[in-house]
Protein chains: 2
Amino acid sequence: MTIQTRRERERAERERLIVTAARELAEAEGWDAVTTRRLAEEIEYSQPVLYSHFKGKGAIMAAVAVQGCADLADELRAARTAAGSAREALAAVGGAYTAFARRRPALYDAIFTLPVDLPFATPEAPAALQDAFGELLQAVEPIAAEGEDTGLLTETYWAGLHGLVTLMRSGRLPEEAHERRLALLIGHFVPQGMD
Amino acid sequence: MTIQTRRERERAERERLIVTAARELAEAEGWDAVTTRRLAEEIEYSQPVLYSHFKGKGAIMAAVAVQGCADLADELRAARTAAGSAREALAAVGGAYTAFARRRPALYDAIFTLPVDLPFATPEAPAALQDAFGELLQAVEPIAAEGEDTGLLTETYWAGLHGLVTLMRSGRLPEEAHERRLALLIGHFVPQGMD
DNA sequence: CTCCTATCCCTAGCGCCGCTAGAAAACGAG
DNA sequence: CTCGTTTTCTAGCGGCGCTAGGGATAGGAG
């Protein structure tokens with residue numbers, strides 16, 4: 001029993017090592033630099049070892065995405081709980097979201113951009129994803145108008161943030177006006193009487 | 001002189017052929033299927049011929065993007081001019097934009113998603129891109145509140161549309177609620193007194 | 001008609017990718 | 001020590017974007 005458990009522990013440790021190496025390499029040099037050969041070299045094992053832990057490169061990226069999403073959820077929560085009014089909370093969460101995307105682009109891409117098949121808008125979605133969305137939801141809920149579906153409104157606000165971030169990061173929107181665009185988005189999601 | 005012009009004409013024709021083949025292949029089987037080998041086979045020339053016309057695969061994709069963007073601009077214009085009120089125009093343009101993205105995903109990706117280095121928010125941007133943005137701009141302009149920067153507001157609305165489309169297409173937002181999310185976005189961009 | 005030159009285009013191949021089959025090594029049990 | 005199992009590695013497959021270098025070919029000169 002102890003031998004078995006030791007092996008399982010070592011395996012789990014190595015799995016962590018793979019995910020961490022993938023994340024660090026992606027954050028340092030971008031996802032293009034994350035190849036299975038490079039990753040194997042980084043963890044000091046041969047390539048096929050990766051495939052004994054994950055189904056393929058996509059699964060490794062998905063693991064990085066889930067792990068990164070927990071960070072995002074933390075930052076969103078911190079921003080939301082530190083804010084005073086409902087409007088401030090919405091703005092704080094929006095700011096934290098876009099700041100995360102700009103500060104950790106590789107992580108953001110893994111979670112929200114790259115075609116990595118994670119279940120998203122379903123109960124089977126990883127807890128970290130649901131947590132992050134939940135933070136947005138809690139920030140949006142107080143500013144929803146009567147009769148508005150809070151979930152849908154959150155998704156729409158999220159889409160706005162995501163659009164701003166991706167268009168800017170791909171060079172399609174100029175960086176320097178980001179804060180003003182973000183303010184416009186937030187302003188249009190806060191009901192008239194509340195600002 | 002005539003020989004020279006004939007050759008140039010033939011070259012131009014072949015270039016059109018390449019771009020068309022790339023677009024059709026991408027629309028039929030996705031961009032992953034568009035490899036230089038496959039493309040060469042499609043146009044019945046060898047691979048290196050592609051590189052005598054374009055700097056690389058990215059340049060071919062950029063050409064497809066520009067060509068596709070003209071289509072998008074046309075559809076946006078048609079939607080806008082057919083609409084009655086300012087609110088209807090905004091909704092019509094938003095609907096046409098997302099419909100285009102869903103109907104021609106490969107084209108949309110080439111224009112707005114894939115990392116293809118085209119100048120965007122500058123005067124050197126291709127005319128088709130500026131036209132498409134101009135259509136959005138004309139739809140947004142009438143609903144801008146006093147003191148709001150129309151350009152920035154358009155960019156923000158655009159980001160909202162783009163976010164909705166990309167998150168939905170990557171499976172991160174459920175398809176079936178798209179119209180309701182779009183309506184929410186539009187509703188939040190129309191001033192209170194105008195709807 | 002022949003030869004020369006310049007242009008064009010193709011064959012072949014480089015280094016890389018994700019992934020995998022099958023050999024080799026390490027390890028625990030008897 | 002030997003055997004069977006489990007783990008890990010070496011080697012390689014097919015495909016990618018891209019390019020060097022060698023013919024084929026076409027147009028002008030004699």
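Small disclaimer: the values here were computed from a predicted structure and weren't measured. Residue numbering restarts at 1 for every chain, and letters A, B, ... go by the order of the sequence lines.
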> Knowing that exactly one of I18(A), I111(A), L107(A), V34(A) qualifies, which makes a side-chain contact (heavy atoms from CB on, under 4.5 Å) with V64(A)?
Replying inline: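 Looking at I18(A), I111(A), L107(A), V34(A), the match for V64(A) under the side-chain contact (heavy atoms from CB on, under 4.5 Å) is L107(A).
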Which pairs, protein N/O on one side and nucleotides 7-13 of chain C N/O on the other, fall under 3.5 Å?
residue: dC9(C); atom: OP1; partner: R14(B); partner atom: NH1; Å: 3.0
residue: dC9(C); atom: OP2; partner: R14(B); partner atom: NH1; Å: 3.3
residue: dC9(C); atom: OP2; partner: R14(B); partner atom: NH2; Å: 3.0
residue: dC10(C); atom: OP2; partner: S46(B); partner atom: N; Å: 3.0
residue: dC10(C); atom: OP2; partner: S46(B); partner atom: OG; Å: 2.5

Do [X] and [Y] come within less than 4.5 Å of each other through their side chains, counting heavy atoms only?
{"X": "R23(A)", "Y": "R104(A)", "value": "yes"}
{"X": "V140(B)", "Y": "I143(B)", "value": "yes"}
{"X": "L39(B)", "Y": "K57(B)", "value": "no"}

Distance in angstrom units between [X] [atom1] and [N] [atom2], rounded:
{"X": "D32(A)", "N": "dC17(C)", "atom1": "CG", "atom2": "C1'", "answer": "11 Å"}
{"X": "W31(B)", "N": "dG15(D)", "atom1": "CH2", "atom2": "C1'", "answer": "19 Å"}
{"X": "E10(A)", "N": "dA26(C)", "atom1": "CD", "atom2": "P", "answer": "15 Å"}
{"X": "Y51(B)", "N": "dC18(D)", "atom1": "OH", "atom2": "C1'", "answer": "5 Å"}
{"X": "L50(A)", "N": "dT7(D)", "atom1": "CG", "atom2": "P", "answer": "16 Å"}
{"X": "I43(A)", "N": "dC9(D)", "atom1": "CD1", "atom2": "P", "answer": "9 Å"}
{"X": "R9(A)", "N": "dT7(D)", "atom1": "CZ", "atom2": "C1'", "answer": "18 Å"}
{"X": "F54(A)", "N": "dC19(C)", "atom1": "CZ", "atom2": "P", "answer": "13 Å"}

> Does a side-chain N or O from T35(B) land closer than 4.0 Å to OP1 or OP2 of dC16(D), or not?
Replying inline: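 Yes.
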> According to a strict under-4.0 Å criterion, is T36(B) in side-chain N/O contact with OP1 or OP2 of dG17(D)?
Replying inline: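 The answer is yes; a side-chain N or O of T36(B) sits under 4.0 Å from OP1 or OP2.
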>> With a 3.5 Å distance limit and no angle check, can you tell me whether Q130(A) reaches the backbone of A125(A) through a side-chain donor-acceptor pair?
In response: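 Flag set: sc Q130(A) to bb A125(A) pair under 3.5 Å.
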>> Tell me the bend of the helix from dC1(C)-dG30(D) to dG30(C)-dC1(D) as the angle between end helix axes, each from five pairs, rounded to the nearest 10 degrees.
In response: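 Rounded value for the end-axis angle: 30°.
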> Does the pair E42(A)/R38(A) count as a salt bridge with the N-to-O cut at 4.0 Å?
Replying inline: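 Counted as a salt bridge, because a side-chain N and a carboxylate O are separated by less than 4.0 Å.
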>> Quick check: closest heavy atoms across A79(B) and A96(B), and the distance to 0.1 Å?
In response: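 In this case the closest contact between A79(B) and A96(B) is CB-CB, 3.6 Å.
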> Roughly how far, to the nearest 0.5 Å, is the CG atom of L50(B) from the CD atom of E15(B)?
Replying inline: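 Those atoms lie 10.5 Å apart.
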> Looking at Y108(B), F133(B), Y97(B), which hits ring-ring contact (aromatic ring centres under 6.0 Å, His included) with H162(B)?
Replying inline: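 Exactly one option meets the ring-ring contact (aromatic ring centres under 6.0 Å, His included) with H162(B), and it is Y108(B).
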